[in-house]
Amino acid sequence: MSTTLETRTDRIVNLLDMKKAEDIQVFDLRDKEYLTDSVIIATTLGDKHTLALLDMLKEELKPAGETFLAVDEGDEWTVIDLGDIMIHLMVPEYRTKYNLEEFLANLSLERPEQSAS
């Protein structure tokens with residue numbers, strides 16, 4: 001995909017904001033030891049809102065070339081894996097309970113060097 005990670009992330013944040021997701025946070029993890037380059041966390045208004053956000057993201061992002069590698073749907077927490085971007089849509093209680101922001105903020109600062117085998 002020719003668009004940058006920042007452009008794609010900004011588009012996702014704007015879409016979530018337009019559909020009333022709350023407290024949207026983005027974590028750039030390119031220099032951290034984690035399985036993806038960017039994580040977006042957004043609070044939803046409830047289970048129906050979570051599902052509506054997921055449907056809207058699929059409708060808007062698939063035609064733009066995004067590939068949904070995996071989607072783990074739940075009423076309280078939905079995770080969308082776009083490969084280099086991971087999106088977490090969570091009801092307020094789950095967001096508070098699991099506190100992903102603290103986990104992501106405390107990741108190791110550098111990825112281990114890849115061995116050139």
Side-chain angles (χ1 to χ4, degrees):
M1 179 170 287
S2 62
T3 56
T4 67
L5 181 67
E6 290 85 2
T7 301
R8 292 167 53 225
T9 301
D10 287 347
R11 178 168 186 197
I12 294 166
V13 168
N14 288 334
L15 288 169
L16 292 170
D17 185 54
M18 282 181 4
K19 294 297 181 181
K20 308 298 184 211
E22 298 178 344
D23 193 17
I24 304 166
Q25 292 190 9
V26 177
F27 294 85
D28 183 343
L29 304 173
R30 286 176 282 193
D31 295 331
K32 305 254 181 153
E33 192 173 334
Y34 197 60
L35 59 116
T36 191
D37 291 336
S38 182
V39 173
I40 300 169
I41 303 172
T43 301
T44 69
L45 304 175
D47 56 339
K48 290 182 182 178
H49 188 223
T50 302
L51 295 174
L53 288 170
L54 173 60
D55 289 342
M56 178 271 305
L57 288 172
K58 286 180 180 178
E59 288 175 16
E60 295 290 332
L61 298 177
K62 282 184 178 183
E66 293 289 354
T67 301
F68 285 65
L69 300 176
V71 177
D72 186 8
E73 291 183 54
D75 291 339
E76 295 86 14
W77 187 354
T78 294
V79 182
I80 305 162
D81 182 357
L82 302 177
D84 57 349
I85 300 172
M86 184 110 24
I87 305 166
H88 295 269
L89 305 174
M90 307 169 84
V91 296
E93 298 80 21
Y94 268 56
R95 184 148 180 193
T96 301
K97 179 178 179 179
Y98 291 101
N99 194 7
L100 286 180
E101 294 88 344
E102 183 178 341
F103 167 76
L104 294 171
N106 290 320
L107 287 173
S108 175
L109 290 178
E110 294 189 21
R111 291 184 183 202
E113 293 297 320
Q114 302 289 327
S115 60
S117 305

Is there a path of hydrophobic side-chain contacts, each under 4.5 Å between heavy atoms of I/L/V/M/F/W/Y residues, joining [Y] to [X]?
| X | Y | answer |
| --- | --- | --- |
| Tyr94 | Val39 | yes |
| Leu61 | Met56 | yes |
| Val13 | Phe68 | yes |
| Ile41 | Leu54 | no |
| Leu89 | Leu15 | yes |

Next on the checklist: In terms of relative ring orientation, are Phe103 and Tyr34 parallel, tilted or perpendicular, with 30° and 60° separating the classes?
Outcome noted: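 Geometry flag for Tyr34 against Phe103: perpendicular rings.
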Pairwise distance [atom1]([X]) to [atom2]([Y]) - rounded to 0.5 angstrom:
| X | Y | atom1 | atom2 | result |
| --- | --- | --- | --- | --- |
| Leu104 | Asn99 | CG | CG | 9.5 Å |
| Met18 | Glu60 | CE | CD | 6.5 Å |
| Ile40 | Leu16 | CD1 | CG | 6.5 Å |
| Thr7 | Ile12 | OG1 | CD1 | 11.0 Å |
| Asp37 | Met86 | CG | CE | 10.5 Å |
| His88 | Gln25 | NE2 | CD | 12.5 Å |

Next on the checklist: Just to verify, which of Arg11, Arg8, Lys58 counts as forming a salt bridge (Lys or Arg N to Asp or Glu O under 4.0 Å) with Glu66?
Outcome noted: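 The option that passes is Arg8.
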Has the side chain of [X] got a donor or acceptor atom that lies under 3.5 Å from a matching backbone atom of [Y]?
| X | Y | value |
| --- | --- | --- |
| Thr43 | Val91 | no |
| Thr36 | Gly83 | yes |
| Asp28 | Arg30 | yes |

Checklist entry - At their closest point, which heavy atom of Met90 faces which heavy atom of Leu100, and how far apart are they? => result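 What the structure gives for the nearest pair is SD-CD1, 4.1 Å.
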Checklist entry - What are the two closest non-hydrogen atoms of Ser38 and Val26, and how far apart are they? => result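 Scanning both residues, the minimum pair turns out to be OG-CG1, 3.9 Å.
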Item to check | Verdict with reasoning, Lys20 to His49, per side chain to side chain contact (heavy atoms under 4.5 Å, CB included) | outcome: CA-CA 9 Å; Lys20 308 298 184 211; His49 188 223; 4.2 Å; yes
Item to check | side chain to side chain contact (heavy atoms under 4.5 Å, CB included) evaluation trace for Val71 with Thr78 | outcome: CA-CA 7 Å; Val71 177; Thr78 294; 4.2 Å; yes
